[in-house]
Amino acid sequence: MIEVTPNLALDEDELVFKAARASGPGGQHVNKTSTAIELRFDARNSPSLPEEVKERLTRLAGSRMTQDGVLVLFAQGFRSQEMNRQDVIARLVELVRRATEKPKPRKATKPTYASKLRRLEGKAKRSGVKAGRGRPSMD
């Protein structure tokens, strides 16, 4: 079990790891070894996550979430497969932890009287500047 918060944990059986060749510089070593890790996590069908967390996770993941609700993360920053595996798990845990936080509801506010006056004064001043740009009249 991978602990996300004290009351939420992900089962390791839900995670699918796939090794791939890392891109970028690295000489002969990078061409011979599969050190990059692709992690797939079926968030939509996960029994570990509550529905509201799944919805927020889908919003947070953006393009990393497939149409089927599978979260795909790719790690290739380290030279060893194990370090990339730990990195991708840490990124998944951080993403799910952020999805567990309920957003603060927005309180509707009205502009103050003084801010309304400042806005109108600025508009009047700008209007005067623009009016002064015209061609001079022939009077």
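A quick note: this is a predicted structure, and the numbers were derived from the prediction, not measured.
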When every non-hydrogen atom of Ala36 is compared with those of Gln76, the smallest separation belongs to CB-CB, 3.7 Å
* Asked: Would you call Arg97-Glu94 a salt bridge at under 4.0 Å N-O?
  -> yes
For Arg59, the salt bridge (Lys or Arg N to Asp or Glu O under 4.0 Å) test, sequence neighbours excluded, returns none
Taken to the nearest 0.5 Å, the spacing of Phe17 CZ from Ile37 CD1 works out to 7.5 Å
For this session: Would you mind reporting whether Val72 and Leu39 have side-chain heavy atoms less than 4.5 Å apart?
Result: no
Distance col, row Thr58:OG1 vs Met65:CE, nearest 0.5 angstrom, shows 4.0 Å
Only one of Val16, Thr66, Val70 passes side chain to side chain contact (heavy atoms under 4.5 Å, CB included) with Asp42, and that residue is Val70
Here the gap from Leu60 atom CG to Glu101 atom CD, rounded to the nearest 0.5 Å, amounts to 9.0 Å
_Is the shortest side-chain heavy-atom distance between Pro103 and Arg56 below 4.5 Å?_
yes
| task | Just do the side-chain contact (heavy atoms from CB on, under 4.5 Å) check on Glu52 and Lys102 with the steps written out, would you? | result | CA-CA 9 Å; Glu52 58 186 19; Lys102 292 180 182 169; 3.6 Å; yes
- Are Phe41 and Leu92 side-chain neighbours, meaning at least one heavy-atom pair lies under 4.5 Å? yes
Separation between OG1 (Thr100) and CG (Leu95), nearest 0.5 Å, reads 10.5 Å
When rounded to the nearest 0.5 Å, the distance separating CZ of Arg40 from CG of Leu73 is 10.5 Å
Shortest non-hydrogen pair, Glu38 vs Phe74, comes out as CB-CD1, 3.8 Å
Practice problem: Give a yes or no on whether the backbone of Tyr113 and the side-chain of Arg118 come within a donor-acceptor separation of less than 3.5 Å. | Solution: no
Practice item. Please indicate whether Arg135 has more than 12 foreign heavy atoms, meaning atoms of other residues, nucleotides or ligands, lying under 6.0 Å from its CZ. Key: no
